[in-house]
Amino acid sequence: MAILERFSDIISANINALIDKMENPAKMIDQYLRDMMEDLAEVKRSTAGVMAEETRTKRLVDENQAEVIKYTDYAKKALEAGNENDARIFLTKKQELENVGAGLATSYASAHENAVKMRQMHDKLATDIETLKSRREMIKSKMAVAKTQETLNKATDSIASTKGAMTSFERMEEKADKMLDEANAMSELNMTPIDEAKALEEKYASQGSASVEDELEQMKKDMGL
């Protein structure tokens, strides 16, 4: 039976250690769970057959033992009746049944051992499946939290990047303002100083000179015109 050949592997498998070694537990657990469910279904089918064989061989053993006891009693009764030859025949039959019984006992022992193994595999697989299911939900929850955290990290990085760009822009704006202030200051320094005395001279000079009309009227007066 193929499933019995895997008995040692299934029984010795450490499901928690296996999960810890998985590169992507969230995906691999689902596949492993499907495989184990298939194994469990096969174990159940095989267990039914093994248990039936165990029951059949046990019944044959019991019937054989009953026959051995029966012919042993017949041999005793034959001796009590003084029929030693009949007792010999009964004992011969008893020994034949005992020889057959030895083979039946071997078959029963094998069937019983297989039934025990099948039940052990069934219990182990059922337990491992429940462990997988609980670990799967826990791992998927952790994966969801991890993805959310990753999204938050990206958003934080984006905000930090934007803040850095704004800081650079502000530094550039400050530099531009400084350059403009320096240019304005340089322009003021390059302007020709105003000569206040010269400005006043022109003012008063214009006030002291007569207009052309005034000078013409004075000339006509002097000439008697």
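Numbering starts at 1 and runs along the sequence shown. Only a predicted model underlies this, so the values are computations on that prediction, with no experimental measurement involved.
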Can Arg34 and Asp30 be said to form a salt bridge (charged side-chain N to carboxylate O under 4.0 Å, His left out), step by step? CA-CA 6 Å; Arg34 285 192 290 269; Asp30 289 338; 5.4 Å; no

Take Glu98 and Lys94 through the salt bridge (charged side-chain N to carboxylate O under 4.0 Å, His left out) test and state the conclusion after the steps. CA-CA 6 Å; Glu98 287 176 339; Lys94 179 184 78 74; 2.8 Å; yes

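Counting only heavy atoms from C-beta outward, the side chains of Glu96 and Val100 never approach each other to under 4.5 Å.
Arg45 and Glu42 are not joined by a salt bridge, as no carboxylate oxygen comes within less than 4.0 angstrom of a charged side-chain nitrogen. Arg119 and Asp123 are not joined by a salt bridge, as no carboxylate oxygen comes within less than 4.0 angstrom of a charged side-chain nitrogen.
Cluster membership check: Phe90 shares its hydrophobic cluster with Val68, using side-chain heavy-atom separations under 4.5 Å among Ile, Leu, Val, Met, Phe, Trp and Tyr. When the side chains of ILVMFWY residues are joined at heavy-atom separations under 4.5 Å, either directly or via intervening members, Leu40 and Leu132 end up in a single hydrophobic cluster. A continuous path of Ile, Leu, Val, Met, Phe, Trp and Tyr side chains, each step under 4.5 Å between heavy atoms, connects Tyr32 with Ile129, placing both in one hydrophobic cluster. Val61 and Met51 fall into different hydrophobic clusters, where Ile, Leu, Val, Met, Phe, Trp and Tyr side chains are chained together by heavy-atom contacts under 4.5 Å. No path of Ile, Leu, Val, Met, Phe, Trp and Tyr side chains, each step under 4.5 Å between heavy atoms, connects Tyr108 with Met118, placing them in separate hydrophobic clusters.
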Contacts table for residues 109-117: side-chain donor-acceptor under 3.5 angstrom, sequence neighbours left out:
| residue | atom | partner | partner atom | Å |
| --- | --- | --- | --- | --- |
| His112 | ND1 | Glu54 | OE2 | 2.6 |
| Asn114 | ND2 | Ser110 | O | 3.4 |

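Not a single salt bridge (charged side-chain N to carboxylate O under 4.0 Å, His left out) links Glu38 to another residue, sequence neighbours left out. Lys70 is linked by a side chain to side chain donor-acceptor pair (under 3.5 Å) to Glu67, counting only residues two or more places apart in sequence or in another chain.
Heavy atoms only, all atoms of each residue included: Ala87 and Ala75 are closest at CB-O, 3.4 Å.
Note: Met121 CE to Asp128 CG = 12.5 Å, rounded to the nearest 0.5 Å. Annotation: the span from Leu97 atom CG to Gln65 atom CD amounts to 11.5 Å, rounded to 0.5 Å. Atom CG in Leu79 sits 9.5 Å away from atom CG in Asp86 (nearest 0.5 Å). How far CD1 of Ile89 is from CG of Asn85: 5.0 Å, rounded to the nearest 0.5 Å. From Leu33, atom CG reaches atom CD of Glu130 across 9.0 Å, with rounding to the nearest 0.5 Å. Distance check: Leu104 CG to Arg59 CZ gives 11.5 Å after rounding to the nearest 0.5 Å.
In the model, Gln31 has a side-chain atom that pairs as donor or acceptor with a side-chain atom of Asp35 under 3.5 Å.
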